[in-house]
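First the structure, in the form of C-alpha cells, and then the observations on it.
The figures here come from the full heavy-atom set of this structure, side chains too, leaving out hydrogens, waters and symmetry mates. Residues: numbered from 1 along the sequence shown.
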Amino acid sequence: MRVTMVSAAGHPGRPNEDFTGAVPGAAVLVDGAGIPGAESVCRHGVAWYARRLGGTLLALLAPDAGPPSLPALLAEAIRQVTDAHRGTCDVADPISPSATVAVLRLNGDLADHLVLGDCFLALDRAGAAPLVVTDPREVVISGSYEPALDAAAGDAAAYGRILRDLRARRNAPGGFWVAKDDPRAADEAVTGSVPIAELTAAALLSNGAARFVERFQLAGWSEVMSVLASAGPAGIIDSVRRAEASHGVPSDDATITHCTAFTAP
C-alpha cells in the first residue's frame, strides 16, 4: 500500500492536535479534541493524547500483531493511553483530552475500516461512487444545542449549564462517542469492510480537511478523490485554507492520508 500524508496546523505557534501515520497494510488518523481549561486536569495536552493514541494504535496494527477486530485494537489503545497518564491527570474529568479516530487495515482479501467520531474515511471503488464513512452523532447532537447556547450567550451561568449538559452526553447511551478514557467507546465505532479488489484508493481526513466538502461545498467526494490523485493531500488542504480565508472562518488543523496501490500485507 502506497501512502501519502499531509498534516497542517490550523494556527501558527500552536501545536497540531491531529496525528496520522501508517505501517505496512494499515493507516491511522487521530483528530484530537480539547475543551478550554483542559490543561488544569491534564498536564500533557490534546496534541500529546492524539500522538500517543495514534502511535499506540499503529503498534497494535503492525503486521506481526495478529488480526483482532479494529474495535478491540482501539479499545486496547485507549486503555494503554489512559493508563499512561492516569497517575498524573484527572483522566475521567469531562474536559480531559479526547479524540476522534479513523483506521484502514488490509486484512486478507478485505479492507477493514473504523471511524469513531467526526473523522472521515472515503473509499474509492472501481465503477462506483466513493463510500464515505463518518460518525455524525457528535455533529447532530451538538447542533441541537446551538439555539439554546445562542440564547444564553449573555448569561454565563446559563451558558455553562447548557455546556455541561452537552458534555454529559459524550460517551453516554443516546449521546456521541469519542476516544477518551473509556475503552468501551470503541464498541460504538462505525465499522465495515470492502473487497480489496474493488478498491482503487482510500482517504482518511480530519474534520478540518473534510471542510472541503462538508462546510464549504467546494466539490463532492468523487472530486476529492480526483484531486487527491492529481495534486495529493496538499491540493485539498490548500483549497480549504483559501476558503477559510475567503469566508472569515478560523482555520482548523487539517490532515489527510491518501492510500493507493493496494496489495495484501
Side-chain angles (χ1 to χ4, degrees), residues 7 15-23 26-35 38-39 41-62 65 68-86 88-105 112-121 133-142 166-192 204-210 252-253 255 257:
S7 186
N16 187 341
E17 295 175 347
D18 288 352
F19 168 92
T20 194
V23 294
V28 168
L29 187 148
V30 179
D31 186 346
I35 294 174
E39 63 279 359
V41 300
C42 177
R43 72 182 191 183
H44 298 95
V46 175
W48 174 90
Y49 184 86
R51 291 193 300 267
R52 189 70 175 251
L53 183 66
T56 302
L57 259 176
L58 287 174
L60 294 169
L61 283 160
S69 70
L70 293 183
L73 293 179
L74 178 56
E76 178 59 23
I78 294 171
R79 184 178 296 108
Q80 290 187 24
V81 176
T82 301
D83 287 346
H85 70 139
R86 189 187 303 278
T88 57
C89 308
D90 187 356
V91 297
D93 192 288
I95 66 173
S96 67
S98 63
T100 63
V101 182
V103 181
L104 178 72
R105 177 182 65 179
D112 300 332
H113 59 266
L114 173 149
V115 174
L116 181 67
D118 61 354
C119 290
F120 288 78
L121 192 149
V133 184
T134 190
D135 177 358
R137 286 173 289 187
E138 181 175 3
V139 173
V140 171
I141 291 171
S142 297
L166 171 58
R167 291 168 186 165
R169 300 194 65 182
R170 181 174 56 183
N171 289 2
F176 58 92
W177 300 83
V178 295
K180 188 176 174 291
D181 61 300
D182 187 352
R184 293 173 296 181
D187 292 332
E188 297 291 332
V190 178
T191 61
L204 293 72
L205 302 90
S206 65
N207 65 350
D252 190 10
D253 300 333
T255 301
T257 296

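- Between the Ser206 side chain and the Thr255 main chain, a donor and an acceptor come within less than 3.5 Å of each other.
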Notebook entry, point to check: Passes side chain to side chain contact (heavy atoms under 4.5 Å, CB included), Leu57 versus Phe19? Steps please.
Noted result: CA-CA 11 Å; Leu57 259 176; Phe19 168 92; over 6 Å; no
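- Nearest approach of Leu58 to Val23, heavy atoms of both residues: O-CG1, 3.8 Å.
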Next item on the list: Output, in order, the C-alpha distance, side-chain angles, deciding distance and verdict of side chain to side chain contact (heavy atoms under 4.5 Å, CB included) for Asn207 and Thr100.
Entry: CA-CA 9 Å; Asn207 65 350; Thr100 63; over 6 Å; no
Item checked: Intermediate values then yes/no, side chain to side chain contact (heavy atoms under 4.5 Å, CB included), Val81 and Trp48 -> CA-CA 10 Å; Val81 176; Trp48 174 90; 4.2 Å; yes
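- Between Glu188 and Asp135 the shortest heavy-atom distance is O-OD2, 4.4 Å.
- Although no hydrogens or angles enter the test, the distance criterion places a donor-acceptor pair under 3.5 Å between the side chain of Asp253 and the main chain of Glu17.
- Note that the CD1 atom of Ile141 and the CZ atom of Arg169 stand 4.5 Å from one another [nearest 0.5 Å].
- Applying the side chain to side chain contact (heavy atoms under 4.5 Å, CB included) test between Val103 and each of Leu116, Leu114, Leu121 identifies Leu114 as the sole match.
- For the atom pair CZ of Arg105 and OG of Ser69, the computed distance is 7.5 Å after rounding to the nearest 0.5 Å.
- Residue pairs meeting the salt bridge (charged side-chain N to carboxylate O under 4.0 Å, His left out) criterion with at least one partner in residues 41-56, sequence neighbours excluded, do not occur; the list is empty.
- Between His85 and His44, the ring planes lie perpendicular to each other; the angle is over 60°, past the 30° to 60° tilted range.
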Check: Is there a side chain to side chain donor-acceptor pair (under 3.5 Å) between Thr257 and Thr20 once you walk through the steps?
Finding: CA-CA 7 Å; Thr257 296; Thr20 194; 2.4 Å; yes
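- Heavy-atom minimum distance, Leu53 versus Ala99: CD2-CB, 4.4 Å.
- Judged by distance alone, with hydrogens and angles left aside, the side-chain atoms of Lys180 form a donor-acceptor pair with the main-chain N or O of Val91 at under 3.5 Å.
- Residues passing the side-chain contact (heavy atoms from CB on, under 4.5 Å) test with Asp187, sequence neighbours excluded: Pro71.
- Although no hydrogens or angles enter the test, the distance criterion places a donor-acceptor pair under 3.5 Å between the side chain of Thr134 and the main chain of Cys119.
- Pairing each heavy atom of Cys42 with each of Pro97, the nearest pair is CB-CD, 3.5 Å.
- In terms of heavy-atom proximity, Gly117 sits nearest to Val115 at O-CG1, 3.4 Å.
- A pairwise comparison of heavy atoms in Arg79 and Pro183 identifies NH2-CB, 3.8 Å as the closest pair.
- Using modelled atom types, no side-chain atom of His113 and backbone atom of Leu104 make a donor-acceptor pair closer than 3.5 Å.
- Proximity of Leu166 to Phe176: side-chain heavy atoms (C-beta onward) are separated by under 4.5 Å at one or more points.
- Annotation: the span from Leu61 atom CG to Leu70 atom CG amounts to 6.5 Å, rounded to 0.5 Å.
- Checking Asn171 against Asp182 by side-chain atom types alone, no donor-acceptor pair falls below 3.5 Å.
- Annotation: the span from Ile78 atom CD1 to Leu73 atom CG amounts to 11.0 Å, rounded to 0.5 Å.
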